[in-house]
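The chain is numbered in sequence order, starting from 1. Values in this document were obtained by computation on a predicted structure and should not be read as measured data.
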Amino acid sequence: ACFTVAHARETFVEEVLLQRLPDDVVVAVFTFTQTAPTDARHYTVMSKPLASVLAHSSAHELELSFGRGRWNARRWGTSPVVAKPVGAEVWGTFPNGAPDDVNKAWTNATTMLGGIFCASLSALSTSTAVTTPALAFHPWNGDAKAITPVDAIVKHATLPHEAVCVENLAPWLKQLPCRDRSGLGKALKSAYEVFGANHLTFGTKLSRDADTIRVEQTLMMVLPTVGDGFESIINLLNEAAVESCVVADESYVHVREPRALHTFDLTRGEVAIRADALKTVSQSPTMFVERFLTGTVNEFGGIVIDIERAVVDMTRLPACTRVRLFQPLPWFVKLYMHTLVVELDGARVSHDDHNVIEGMKFMPAEDRMRSSVLEMQLMMMSSTSTLRIRVDYDKGFLRALEFPPDANRGFDLPPAQLSMYPSGLWDPVASDVNTPLVAKLQSSPLEVVYMNSLLLSLPTPDFSMIFNVAALTGSVLSVIVVSVVRILIKRPVWTDYIKQKKAAAKEAREISSERLHARAQQV
């Protein structure tokens, strides 16, 4: 008897979404999705370094993202995909096990990702930089009760001060099967045009289940329509139909229109994109979020988070909105939870009012051991327009060696995350194709917004005093040492040595002059 075994093959789908926004800018979202069977021993399409990260870290999900610039929600509306914060962010889901095993898996994952993408992720292996969210980064369908799997642990860490540059983008492009030589990846070949964007977000998400390994690479950039950068990318996208990636199973260009997506299939050569034909499409966000610090002294201060409802239609009552807040803070920012204040339209809300504060979890920090995490689940009623959260903190004192080289600049606080699930109707985008990017646009109305990073000034010693003290001490010691050495090596017979030497030289000169005078007289 003969038996045939059907093996799942590797797939690769590349697509880009173009959408014109107000303020004369266009957002371009590139998505490259690779899948492969988990039991494969050799990969022909899948990135081998990224597949090895999942194999050696035993993680269910891993996501690394880089960000430059801030997404201006008040002018551009809601981003097509999640706009990541400035710097670097890593989070992952690991099997529930012993803490040492989970920490080892996290260290392996961050070390390998840092080596692949040329990022300083080794700093995230310390316990002071890593947090364990209880609500954020977990599946959520908008219900009041949290859906937190008991068989998984989430680890999260950020590097707000990470400088994102070409050294991170180049290895990101190298993970593509055709790199930046053909296909849609060729449109990202010019680093000058990519990093000249008003906002840039790119990252890699790794996931696996029982049968499949999935690698999803996403890049979103906002380009001004005035300039050569946008025209150059449009021309490269038009050329992608001729120089398509040979291993791509599907290759699409989606143009966002007010009510639907206009899709071009590059594998059939049906692409003719005109920059001036793009129509402005802007979707108003559910909420506008701002975060800032209060206080100017070196001992204490406060953090304020303002959540403002976006008014779209004045004739309709807005829907109730449930939000989740995730705020990690370093150990030297010590929150005082008894100062936590929640206000709705300026009116203070009691902590026992579960109609507004549905849940809250706070993990206090330990000095040089663990960061603090504040998570809250709140409900904004339809009659509420603003929600404010205030909490005070004390500033910790750092040792001299714990300050960075640019200590007087301050410390970057990690960005906060706000997840919103509106209770009203949701109108998904219409499309005739079923691709990973389209599925993401049609999947869920959950909005995830990252707040801006904050710069915190801590009591900083005068590091220049070290050099002043060293210079003064060196001068005093040199004077003392020279004086002591002169006293020790001085001898009594040397007291009149210089006078005797000068007298002998004077006498020699006189004798010489007399001899010359005598010879002159004889002549």
Are Glu299 and Lys395 ion-paired here, with the side-chain N under 4.0 Å from a carboxylate O?
-> no
Begin with the C-alpha distance, continue with both residues' side-chain angles, and end with the deciding distance and a verdict on side-chain contact (heavy atoms from CB on, under 4.5 Å) for Met380 and Arg322.
-> CA-CA 6 Å; Met380 289 188 65; Arg322 182 172 285 112; over 6 Å; no
Heavy-atom side-chain proximity of Trp71 to Val222 below 4.5 angstrom = yes
Is the closest side-chain donor-acceptor distance between Glu89 and Thr158 under 3.5 Å?
-> no
Within 45° of the axis and under 6.0 Å from the centre of the six-membered ring of Trp140, does NZ or CZ of Arg324 qualify?
-> yes
Test: Arg68 cationic atom under 6.0 Å from Phe195 six-membered ring centre, within 45° of axis = no
Do Asp412 and Arg409 sit within salt-bridge range, that is, some charged N less than 4.0 Å from a carboxylate O?
-> yes
Hey, would you say the Phe411 and Phe332 ring centroids sit under 6.0 Å apart?
-> yes
So Phe12 and Phe32, would you call those rings parallel, tilted or perpendicular, with 30° and 60° as cut-offs?
-> parallel
Would you check if Trp91 and Glu61 make a side-chain contact, meaning some heavy-atom pair closer than 4.5 Å?
-> yes
Just wondering, are more than 12 heavy atoms of other shown residues or ligands nearer than 6.0 Å to CG in Asn434?
-> no
Would you tell me whether Glu162 and Ser120 have side-chain atoms, one donor and one acceptor, within less than 3.5 Å of each other?
-> yes
Which is it for Tyr43 and Glu10 under the side-chain contact (heavy atoms from CB on, under 4.5 Å) test, yes or no, and what are the steps along the way?
-> CA-CA 8 Å; Tyr43 300 108; Glu10 301 177 50; 4.0 Å; yes
Decide yes or no for Phe30 and Thr218: does some side-chain heavy atom of the first lie under 4.5 Å from some side-chain heavy atom of the second?
-> no
Heavy-atom check, side chain of Glu15 versus side chain of Leu437, under 4.5 Å = yes
Answer yes when Arg74 and Glu308 have at least one side-chain N-carboxylate O distance shorter than 4.0 Å, and no when they do not.
-> yes
Specify whether His338 and Tyr336 have parallel, tilted or perpendicular ring planes, treating 30° as the upper limit for parallel and 60° as the lower limit for perpendicular.
-> tilted
Out of curiosity, Ser372 OG to Leu329 CG, how far, rounded to the nearest 0.5 Å?
-> 4.5 Å
Check the pair Asp345 / Ser385 against side chain to side chain donor-acceptor pair (under 3.5 Å), numbers first and verdict last.
-> CA-CA 6 Å; Asp345 293 336; Ser385 59; 2.8 Å; yes
Step by step, work out the ring pair (Phe, Tyr, Trp, His ring centres under 6.0 Å) result for Phe403 and Phe463.
-> CA-CA 10 Å; Phe403 283 90; Phe463 289 100; 5.6 Å; yes
Distance, nearest 0.5 Å, that separates CG of Leu113 from CG of Leu50 = 7.5 Å
salt_bridge(Asp180, Lys174) N-O dist < 4.0 Å = no
Heavy-atom pair with the smallest gap, counting every atom of Ala51 and Met46 | CB-CG, 4.2 Å
For residues Asn108 and His56, report the shortest heavy-atom separation together with the two atoms involved.
-> ND2-O, 3.8 Å
Would you check if there is a donor-acceptor pair between the side chains of Thr386 and Asp306 at a distance under 3.5 Å?
-> no
Can you tell if the side chain of Met220 reaches within under 4.5 Å of the side chain of Phe202, non-hydrogen atoms only?
-> no
What's the spacing between Asn298 CG and Thr460 OG1 if we round to 0.5 Å?
-> 7.5 Å
Walk me through it: do Asp367 and Lys334 pass the test salt bridge (Lys or Arg N to Asp or Glu O under 4.0 Å)?
-> CA-CA 9 Å; Asp367 288 354; Lys334 304 176 182 179; 3.6 Å; yes
Does one side chain, of Thr78 or Gln283, offer a donor that lies under 3.5 Å from an acceptor on the other?
-> no
List the atom of Tyr393, the atom of Gly302, and the distance in Å for their closest heavy-atom pair.
-> CE2-N, 3.1 Å
For the side-chain hydrogen bond (donor to acceptor under 3.5 Å, both in side chains) test, which of Arg388, Arg390, Arg348 pairs with Glu343?
-> Arg390
Closest heavy-atom contact between Pro95 and His60?
-> CG-NE2, 3.7 Å
Spacing of CG belonging to Leu54 relative to CZ belonging to Arg208, to within rounding of 0.5 Å = 5.5 Å
Have Arg309 and Thr321 got a donor and an acceptor in their side chains that come within less than 3.5 Å?
-> yes
How long is the gap from OH on Tyr450 to OG1 on Thr201, to the nearest 0.5 Å?
-> 10.0 Å
Just wondering, do Leu188 and Met221 contact through their side chains at under 4.5 Å, heavy atoms?
-> yes
Please name the pair of heavy atoms, one in Met376 and one in Val342, separated by the smallest distance, quoted to 0.1 Å.
-> CE-CG2, 4.0 Å
Test log, rule ring pair (Phe, Tyr, Trp, His ring centres under 6.0 Å), inputs His156 and Phe137 = CA-CA 9 Å; His156 173 267; Phe137 305 99; 4.8 Å; yes
With distance as the sole criterion, is a donor-acceptor pair present between the side chains of Glu447 and Thr286 under 3.5 Å?
-> yes
Step by step, work out the side-chain contact (heavy atoms from CB on, under 4.5 Å) result for Leu206 and Val53.
-> CA-CA 9 Å; Leu206 316 176; Val53 174; 4.1 Å; yes
If you round to the nearest 0.5 Å, how far is OG of Ser52 from CD1 of Ile116?
-> 5.5 Å
Locate the shortest heavy-atom distance separating Pro414 from Pro160; write the atom from each residue and the value.
-> CA-CG, 3.8 Å
